[in-house]
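Below: one structure, written as structure tokens.
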Amino acid sequence: QIDEAKAAASVENLRSPICCILGHVDTGKTKLLDKIRQTNVQEGEAGGITQQIGATYFPMDAIKQKTAVVNKDGKMEFKVPGLLVIDTPGHESFTNLRSRGSSLCNIAILVVDIMHGLEPQTIESLNLLRDRKTPFIVALNKIDRLYDWKAIPNNGFQDSLAKQKKSVQNEFKDRLEKTIVAFQENGLNAALFYENKNVGKYVSFVPTSAHTGEGIPDMLKLLVTLTQQRMAGKLMYLSELESTVLEVKVIEGLGTTIDVILSNGVLREGDRIVMCGLNGPISTNIRALLTPQPLKELRIKSQYVHHKEVKAALGVKIAANDLEHAIAGSRLLVVGPDDDEEDLEMEVMSDLEQLFSKVSKS
Ligand code: GDP
């Protein structure tokens with residue numbers, strides 16, 4: 001019984017995984033994000049989906065609704081509290097999300113246009129994901145462009161495919177196989193998600209359409225199962241802070257602010273924080289912790305909601321003095337009662353070289 005209670009406690013304590021979207025330009029990364037944010041709930045409620053700073057939070061309830069069509073037997077398990085999806089697709093946000101050389105992105109979606117297959121930036125993304133050892137799935141997007149595709153909006157992929165004409169099924173198979181071969185030529189084994197018997201060895205391809213929503217339930221299901229299977233250990237709450245500066249932005253009335261992804265731990269108003277700056281380390285105090293005003297609260301004048309405290313995983317805007325020279329991609333540390341501020345300053349500055357090699361490469 002004690003063991004059971006323990007297990008329950010740790011499972012309850014899983015934090016939300018952070019998900020990034022990468023891929024070649026025009027493959028549909030932005031459209032896919034828009035589509036998964038869209039709600040298909042009758043009452044028009046967003047199911048608790050919340051817009052954050054630089055990210056969208058999908059609570060498990062919303063994911064349950066969105067995956068219902070491919071979970072008819074009810075066997076899918078939901079252990080993580082939700083999914084935090086980074087809103088800016090592409091290399092930049094993926095490379096900025098790091099801590100000590102490892103990635104804060106727990107899982108990624110690599111988007112490939114089924115009509116184009118492997119493209120130059122697909123290979124770049126592949127290399128990034130491999131370097132950082134980030135688990136990922138491939139969304140083989142734009143299946144609605146297969147000649148004569150008959151769309152069944154927001155349907156599971158397998159059912160949609162089964163209802164297509166033979167010629168459409170053949171074109172699909174043909175394009176899928178070509179892309180799988182192209183991936184193999186780049187050193188990566190891949191398989192269609194429902195034919196993948198070894199997710200540790202083969203990357204799963206999930207066919208999607210950001211226009212019709214087909215395959216998106218499968219994609220979400222795959223993300224959730226994969227994170228739960230492969231990384232429960234990494235998703236425990238840590239008291240230690242893991243946090244990174246995604247963007248540095250000037251906001252009217254607030255001055256220079258930083259948009260931060262907090263992937264583990266807690267941030268509080270007033271905390272003393274340390275990060276990497278162009279002219280040396282920056283140490284300052286959090287003046288305000290801000291998230292966007294929920295859509296339904298538009299009558300409220302202020303654009304932001306203030307928080308005394310925020311808990312991982314989430315995207316948050318920090319207002320503070322002296323942020324003008326903060327560097328995107330920098331780690332953010334909190335000076336605790338037993339910490340020596342100078343030690344932490346040295347620690348964050350040790351990332352500087354890496355941050356610049358990234359800047360000059362991109
Ligand atoms: P990104 O550059 O990867 O973010 O690509 P976008 O999301 O901006 O999409 C590029 C273009 O492809 C836009 O014109 C989209 O409308 C179109 N597109 C994206 N996804 C799909 C899809 O699933 N089907 C079709 N037919 N077009 C798509």
Side-chain angles (χ1 to χ4, degrees), residues 18-40 49 51 54-56 58 66-67 69-70 85-97 105 107-129 134 136-161 163-165 167-169 171-176 178-179 182-183 192-193 203-223 246-247 315 362:
I18 297 176
C19 174
C20 287
I21 303 194
L22 291 88
H24 195 82
V25 65
D26 277 350
T27 48
K29 299 181 291 294
T30 313
K31 258 265 149 20
L32 268 176
L33 271 170
D34 288 349
K35 196 72 190 177
I36 56 175
R37 263 196 296 255
Q38 224 177 59
T39 169
N40 46 16
I49 297 173
Q51 189 73 39
T56 303
F58 297 87
K66 284 172 183 286
T67 51
V69 67
V70 290
V85 181
I86 303 297
D87 279 343
T88 18
H91 291 171
E92 192 66 16
S93 52
F94 178 80
T95 44
N96 279 350
L97 271 174
C105 163
I107 190 150
I109 305 169
L110 174 58
V111 187
V112 171
D113 181 335
I114 191 169
M115 305 309 278
H116 295 165
L118 206 72
E119 297 182 271
Q121 284 165 285
T122 319
I123 299 176
E124 278 174 36
S125 310
L126 268 179
N127 292 336
L128 276 175
L129 292 165
T134 307
F136 64 99
I137 60 172
V138 173
L140 200 54
N141 194 37
K142 306 200 188 181
I143 51 168
D144 61 289
R145 292 194 56 205
L146 295 168
Y147 183 75
D148 231 6
W149 181 269
K150 297 279 182 293
I152 306 171
N154 303 313
N155 199 14
F157 171 74
Q158 276 175 275
D159 186 60
S160 269
L161 183 70
K163 290 183 173 141
Q164 304 299 321
K165 276 199 244 165
S167 62
V168 181
Q169 294 176 351
E171 187 191 352
F172 167 73
K173 243 176 111 183
D174 207 43
R175 292 188 184 276
L176 171 75
K178 280 198 184 116
T179 312
F183 268 71
L192 189 58
F193 71 103
V203 167
S204 288
F205 274 33
V206 53
T208 56
S209 166
H211 276 188
T212 71
E214 286 162 299
I216 288 179
D218 305 279
M219 184 178 87
L220 290 172
K221 183 177 174 181
L222 215 57
L223 284 176
L246 206 56
E247 273 192 82
S362 56

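Both ligands and their constituent atoms are indexed starting at 1 by order of listing.
Residues L146 and V168 come closest through the heavy atom pair CB-CG1, 4.3 Å.
Counting only residues at least two apart or in different chains, salt bridge (charged side-chain N to carboxylate O under 4.0 Å, His left out) contacts with residues 148-159 comprise D148-K150, D148-K165, D159-K163.
Salt bridge K142/D26: absent, no basic N to carboxylate O contact under 4.0 Å. A salt bridge between K31 and D34 is absent, with no side-chain N of the basic residue lying under 4.0 Å from a carboxylate O of the acidic one.
Ring geometry for F205 against F183 counts as perpendicular: the plane angle is over 60°, on a 0 to 90° scale with 30° as the lower cut.
The six-membered or imidazole ring of F136 lies away from that of F94, with a centre-to-centre distance of 6.0 Å or more.
Using a heavy-atom distance under 4.0 Å as the criterion, the protein contacts of ligand 1 are H24, V25, D26, T27, G28, K29, T30, K31, N141, K142, D144, R145, S209, A210, H211.
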